[in-house]
Amino acid sequence: MQNSKLMQGFTKFAVKLGNQIHLRSLRDAFATIMPLYILAGLAVLLNNTVFTWIFKGKALERIQYWGVVITNGTLNISGILIAGLIGYQLAKNRKFTNPLASAMVSIATLIVMMPNTVQVIPDVAKKAVSVSAVMPFSNLGTGAMFSGVIVGLLATEMFVKLSQIKALHINLGQNIPPAVGQSFDVLIPILIVISFFAVISAMLNNMAGMNLINLITTFIQEPLRHVGTSLWGTILLYSLGNLLWLFGIHQTVIYSSILEPLLIVNITQNIVAYQAHKAIPNIINVSLVQSFGLIGGSGCTLCLLIAVFLVSKNKAARTVGKLAVAPGIFNINEPVIFGYPIVYNISMAIPFVLIPSLGILISYTATTLGLMSPCVIQVPWTTPVFLSSFLATAGDWRAVIVQLIVVVLGVLIYIPFVKMNDAVVVAQAGN
């Protein structure tokens with residue numbers, strides 16, 4: 001009875017956390033922007049591998065321009081893109097009637113909070129010089145992602161609340177185009193929100209010589225990212241997310257809402273560093289977690305399917321395995337989660353949570369020891385096993401060997417639990 005109450009309480013808490021409007025808006029925004037990151041990764045991969053095999057000299061420089069402009073239009077403006085997407089998604093989740101206006105306000109507010117004078121290093125100079133009225137990619141792209149998240153949330157909340165005050169509405173009547181009417185309806189809230197943040201920006205600049213981007217990066221983004229995406233921080237959060245599946249709650253409650261945004265920042269930094277031929281800063285990133293901790297889906301259930309085919313004598317389990325193997329190759333494992341099942345199956349709890357953590361630990365160790373290259377390309381989470389590790393590391397065959405080791409160990413760990421589950425099913429049928 002006590003365990004049942006504890007499980008119910010934990011389930012309610014997890015569901016409530018997953019439905020929290022700000023976390024849900026973050027999840028929706030990052031899901032929307034994901035194709036751009038994958039495109040950027042593909043462009044960087046081709047620029048630095050395939051194109052270098054085919055072209056040389058000026059021809060290589062010309063063809064690589066394609067990848068450079070794609071990076072500029074995706075990663076290098078990801079901060080302002082995420083601000084607009086969060087503004088839109090949060091407003092939509094708030095049931096606000098004009099979410100596009102919220103997106104516009106979020107982007108404008110983020111620009112308002114950026115410095116008007118920046119330090120740049122011209123090609124002809126060896127030291128930085130101050131330049132006014134420019135926006136470098138360092139303030140628009142991955143370096144501004146957390147600023148975009150925070151500004152998107154704050155500006156949208158303020159804008160939506162002000163827009164609900166009828167005294168601030170300007171009604172031009174019925175005989176005007178709807179778009180014009182909507183614009184004037186939120187004119188005063190837009191003026192207030194952007195002006196308010198402009199005052200804060202001016203105060204930071206004039207009194208402290210700083211700007212919001214620097215403040216958030218220094219005191220929020222980097223500390224949070226280093227803790228959340230450390231080896232043990234990632235394993236803890238990812239394991240907790242997988243644990244939720246045992247209670248029938250999708251692991252995205254923890255993973256997509258809390259951990260994945262941090263991991264995406266890490267892979268975007270890696271992509272930029274790889275493109276610039278600089279040292280790769282982050283071993284832990286979204287591609288590593290997905291390639292080595294998501295083999296067949298949450299819980300590395302492709303290993304479970306192989307174990308089922310090898311040792312299971314339960315007809316139902318083998319039937320589910322046959323149906324689940326095709327989607328499992330593409331890391332879609334709901335048929336296993338609910339058909340085998342994993343949900344509320346205590347026999348599967350240990351391997352389901354343990355094996356993904358083991359995959360992350362092994363790949364991290366291999367990267368640290370130089371036995372495989374770090375992950376520098378974001379690949380779609382549906383990329384099949386072995387191809388995912390090869391692409392994520394920009395074509396390092398050693399990563400495929402490491403992934404194979406994880407698969408073999410995963411199968412070996414699952415085997416005794418598959419046998420145990422068979423015995424449990426037989427005992428339950430006998431009762």
Side-chain angles (χ1 to χ4, degrees), residues 26-52 61 63-88 103 106-107 110-111 114 118 120 134-152 213-214 216-217 221-222 224-225 229 256 259-291 373-381 383 388 391-395:
L26 284 178
R27 184 173 65 238
D28 295 342
F30 275 98
T32 303
I33 203 173
M34 190 68 65
L36 295 186
Y37 293 151
I38 293 172
L39 174 60
L42 176 62
V44 171
L45 177 63
L46 292 175
N47 260 17
N48 292 274
T49 55
V50 177
F51 290 166
T52 61
E61 184 178 333
I63 198 68
Q64 284 180 327
Y65 185 84
W66 171 83
V68 170
V69 294
I70 286 181
T71 304
N72 289 343
T74 53
L75 286 182
N76 287 340
I77 59 168
S78 56
I80 58 175
L81 289 176
I82 202 66
L85 287 170
I86 287 174
Y88 179 85
S106 296
I107 293 172
L110 181 61
I111 300 298
M114 291 181 180
V118 296
V120 299
V134 298
M135 291 188 295
F137 284 136
S138 59
N139 282 346
L140 301 176
T142 57
M145 284 188 66
F146 269 71
S147 301
V149 168
I150 293 174
V151 168
I213 307 294
N214 291 339
I216 291 177
T217 300
Q221 173 175 323
E222 292 309 302
L224 180 62
R225 190 173 60 83
T229 64
S256 294
L259 180 59
E260 189 176 39
L262 303 176
L263 295 173
I264 289 174
V265 172
N266 281 12
I267 193 63
T268 55
Q269 290 182 354
N270 283 10
I271 294 171
V272 172
Y274 179 68
Q275 183 189 35
H277 305 288
K278 296 180 179 178
I280 306 303
N282 306 303
I283 294 178
I284 297 289
N285 55 71
V286 70
S287 289
L288 180 136
V289 171
Q290 290 178 349
S291 297
S373 300
C375 294
V376 294
I377 302 297
Q378 183 168 357
V379 296
W381 64 270
T383 305
S388 60
L391 293 177
T393 54

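We find the CD1-CG distance between I38 and L45 to be 13.0 Å, quoted to the nearest 0.5 Å. Rounding to the nearest 0.5 Å gives a distance of 5.5 Å between CD of Q378 and CD1 of I264. Here T32 contributes atom OG1 and L81 contributes atom CG; the two are 11.0 Å apart, rounded to the nearest 0.5 Å. In this structure, SG on C375 lies 6.0 Å from CD1 on I267, to the nearest 0.5 angstrom. Note: I107 CD1 to Y88 OH = 13.0 Å, rounded to the nearest 0.5 Å. Rounded to the nearest 0.5 Å, atoms OG (S373) and CD1 (I283) are 11.5 Å apart.
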| task | Under the side-chain contact (heavy atoms from CB on, under 4.5 Å) rule, what do N285 and T229 come out as? Steps first, then yes or no, please. | result | CA-CA 7 Å; N285 55 71; T229 64; over 6 Å; no
| said: For a side-chain contact (heavy atoms from CB on, under 4.5 Å) check, start with the C-alpha distance between N47 and W66, then their side-chain angles and the critical distance, and finish with the verdict. | reply: CA-CA 8 Å; N47 260 17; W66 171 83; 4.3 Å; yes
| field | Residues L46, L42; criterion side-chain contact (heavy atoms from CB on, under 4.5 Å); working and verdict | value | CA-CA 6 Å; L46 292 175; L42 176 62; 4.2 Å; yes
| field | Full working for side-chain contact (heavy atoms from CB on, under 4.5 Å) between L110 and S147 | value | CA-CA 7 Å; L110 181 61; S147 301; 4.0 Å; yes
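Closest of all the heavy-atom pairs between I70 and A40 is CG2-CA, 4.3 Å. Minimum heavy-atom separation, V379 to Q290: O-OE1, 3.8 Å. Residue V134 comes nearest to P136 through the heavy atom pair O-CD, 3.7 Å, listed as atom of the first residue, atom of the second, then distance. What you find for G141 and S78 is that their closest heavy atoms are C-OG, 3.3 Å. Pairing each heavy atom of S287 with each of A392, the nearest pair is CB-CB, 4.0 Å. The two residues N270 and P281 make their nearest non-hydrogen contact at OD1-CD, 3.2 Å.
No side-chain heavy atom of V376 sits under 4.5 Å from any side-chain heavy atom of V44. Using a 4.5 Å heavy-atom threshold, the side chains of Q64 and Q275 count as separate. The shortest side-chain heavy-atom distance between V272 and K278 does not fall under the 4.5 Å cut-off. With contacts defined as side-chain heavy-atom distances shorter than 4.5 Å, the pair N48/H277 qualifies. At least one side-chain heavy atom of L75 sits less than 4.5 Å from a side-chain heavy atom of Y37.
With respect to M135, the side chain to side chain contact (heavy atoms under 4.5 Å, CB included) criterion is satisfied by exactly one of I77, I80, L140: L140.
The backbone N or O of T49 sits less than 3.5 Å from a side-chain atom of T52, completing a donor-acceptor pair. Checking side-chain atoms of N266 against main-chain N and O of I284 turns up a donor-acceptor pair under 3.5 Å.
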